[in-house]
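Lettering follows sequence order; numbering is per chain, from 1.
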2 protein chains.
Amino acid sequence: MASIYDEMNEKTKENIQKSFLQLLKEKPFVKVSVRDITTIAAINRGTFYLHYEDKYDLLHQMEDTLLRGLEVHLQRLKPDVLLLEAEKGNISRFSVEVFRYIQENVELFQVLLGEHNQFGFHKRLKHFFGNHFIEKIVQNQHFFQDLTIPKDYLSSFAISAFLGLVEQWLDNSLAESPEEMADMYIQIIFFIRKM
Amino acid sequence: MASIYDEMNEKTKENIQKSFLQLLKEKPFVKVSVRDITTIAAINRGTFYLHYEDKYDLLHQMEDTLLRGLEVHLQRLKPDVLLLEAEKGNISRFSVEVFRYIQENVELFQVLLGEHNQFGFHKRLKHFFGNHFIEKIVQNQHFFQDLTIPKDYLSSFAISAFLGLVEQWLDNSLAESPEEMADMYIQIIFFIRKM
DNA sequence: ATACCACTCAACACCATGTTGGGTGGTAAA
DNA sequence: TTTACCACCCAACATGGTGTTGAGTGGTAT
């Protein structure tokens, strides 16, 4: 079914996304116009609207792709192991996979979570992790049962803490390896325990 | 020095900000035009530009005021106690004051950190806490010295975790009291320790 | 040969923006 | 009381991005 038209279509979309990303590195989202994008992509402005409703749609689709990729990435490499390990309290494997995926998509993550973060991707990421992992962990863990703190607060606390690490990593231009980051994550937890 | 002109000026600015906030509750920032604001404020559109450069300037000034208020609020109520207590590891007083201030300015915080968070206020808040408190604590605490984790990561982790609690609180329409929130914060730390 | 496809091009109406020049009524100082 | 000043109003303007449309081009499949 992959006709030559589908290929053209795909190529143009990639061209648009690449140009868009390039612009987002230079200036904030609000300052990027469809004109800018199509000028850099060297295509007609009307062509843009054949693929996307507007620049918000473009951004949203790129976010979707990124999150879907993360989901697939996690499910493919370790089908159920991750969740099982996570439920046992072992977050190491889980987190290293996340850090790896981020490393593979640095540019986009840096732009979406970076200084000009003027689109609520932070919130989307929070919801993603919340729906996919943390809440399951928080709900299933037997030793969470006797905790008086509401689950939603604990969940939001944990995810944000993790995202805090990720954001700092991105700010540091990925100076550490994914393994080092996963290690750091564990160490912080241990550190708090011994406090 | 508070002439009648200053009062008029101030009143109009408050009017603009109030109308702006009202609109932000209805729709995302990008969809709010200067026309919308001045229509609701029942003033001439040109008048808006006598007070603000554009809607981004307006937003930024409101953020500034909010952060300056938080700073003053913290400094006024307990001049140095907060930092001293915090440096001793007692974050209770510190955090309850923060929760109280947020409660006093729910509407704005909810809009700035809420679902339509399309302006990097999350990042600004992170920097604020980072510069004012956490980094001082992290740097001064003697028992942080033998920790191998880089300070910036620990700082980002801690602040984000705290903001995670705050954001969940806002999402829950401030169902808990500031004291309960501060308590919850402490409990989570203790819980991690016992994990 | 015909229909289809992605894309180009030019033109369009629409709307928000930021600015300007002139005007109003109330305030303060001469 | 006159004069200058002030915040604000009003109308008009050029600018520029937006989304859409109709006509046209050159390859592709049938």
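Per the geometry, CG belonging to L50(B) stands 13 Å off C1' belonging to dC10(D), to the nearest Å. In this structure, Y49(B) atom OH and dG21(C) atom C1' are separated by 18 Å, rounded to whole Å. Taking atom OH of Y52(A) as the reference point, atom P of dT18(D) lies 16 Å away to the nearest angstrom. Protein atom CG of D6(B) is 11 Å distant from nucleotide atom P of dA28(C), rounded to whole Å. Here dA29(C) presents its P atom at 12 Å from CD1 of I4(B), a figure rounded to the nearest Å. Counting to the nearest Å, the P atom of dT8(C) and the CG atom of N44(A) are 5 Å from each other. Atom OH in Y56(A) sits about 9 Å away from atom P in dG19(D), given to the nearest Å. The nearest whole Å value for the distance from the CE atom in M8(A) to the C1' atom in dT28(D) is 10 Å.
With dG19(D), dC9(D), dG18(C) as the candidates, the nucleotide lying closest to the side chain of T47(B) is dC9(D). Of the candidate nucleotides dA16(C), dT19(C), dT18(D), dA16(C) has the atom nearest to the side chain of S33(B).
In terms of polar N and O atoms assigned as donor or acceptor, the side chain of Y5(B) comes within less than 3.5 Å of the base of dG26(C) in a complementary pairing. Residue R35(A) places no side-chain atom within donor-acceptor reach of the base of dG16(D), judged by atom type and a 3.5 Å distance cut-off alone.
When the options V32(A), N15(A), V34(A) are evaluated for a side chain to side chain contact (heavy atoms under 4.5 Å, CB included) with F20(A), the one that passes is V32(A).
Under a 3.5 Å cut-off, the side chain of N131(A) and the backbone N or O of H127(A) do form a donor-acceptor pair. Checking side-chain atoms of Y101(B) against main-chain N and O of L70(B) turns up a donor-acceptor pair under 3.5 Å. Using modelled atom types, one side-chain atom of H132(B) and one backbone atom of F128(B) make a donor-acceptor pair closer than 3.5 Å.
Nearest-nucleotide positions on DNA chain D place K13(B) closer to the 5' end than the other of K13(B) and R45(B).
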